[in-house]
> 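Supplied in structure tokens, the structure appears directly below.
This one's a predicted model, so the numbers in the text were calculated from it and none came from an experiment.
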Amino acid sequence: MRIKNKGSQKHKKGPKRQKYQASQKEHPDTRQYLQVSEIHANHVEAQNTALRRRNSAYRRRTNTYAKTEGGLQRTLDVHQLIHNFVRPHWTTGVVPAVALGIMTHSMSLEEILTTRRAI
């Protein structure tokens, strides 16, 4: 992930920042010079949109269902479990965990809710 440094830096002293800057150290095999047309946030925006659409506690301005960080984290965990283990992806037709080879078949919501939590 790279951050776009916006605004003029002419008024600042010292070395100027690059236009696109990595927020943390990248893997050595990562291409360092990407074309501007290759940089986009479509996947992140799609994930955020899906999260707001499917998670009412995340969507609402009044935090009625998740009044604490722990409550909000529980709803985000449920969303992530359903996304990765229950709902098939619309392009591949399989659950992401199956596509990555983590599991052999998708889980039902009942299986997830009856599975004991590992701490």
> Return the minimal non-hydrogen interatomic distance between G93 and P88, and the atom names on each side.
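Looks like O-CB, 3.6 Å.
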> Would you give the length of the straight line joining atom CD of Q73 to atom CG of D77, rounded to the nearest 0.5 angstrom?
4.5 Å
> Partners of H89 by side chain to side chain donor-acceptor pair (under 3.5 Å), sequence neighbours excluded?
T91
> Give the minimum heavy-atom separation between S106 and E111, together with the two atoms involved.
O-OE1, 4.1 Å
> Considering only heavy atoms from C-beta outward, does the side chain of H83 approach that of V95 to under 4.5 Å?
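No. Closest side-chain heavy atoms not under 4.5 Å.
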> Would you say I82 and L109 make side-chain contact, with heavy atoms under 4.5 Å?
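When only atoms from C-beta onward are counted, L109 and I82 do touch, with a gap below 4.5 Å.
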> Between F85 and I112, what is the shortest heavy-atom contact and its length?
CB-CD1, 4.2 Å
> Over all heavy atoms of both residues, which pair between H105 and V98 is shortest? Give the atoms and the distance, please.
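Heavy-atom minimum between the residues: C-CG2, 3.6 Å.
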> Side-chain heavy atoms under 4.5 angstrom apart, residues restricted to Ile, Leu, Val, Met, Phe, Trp, Tyr: same cluster for L76 and L81?
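No, L76 and L81 fall in different hydrophobic clusters.
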> Less than 4.5 Å apart, any side-chain heavy atom of R74 and any of H79?
no
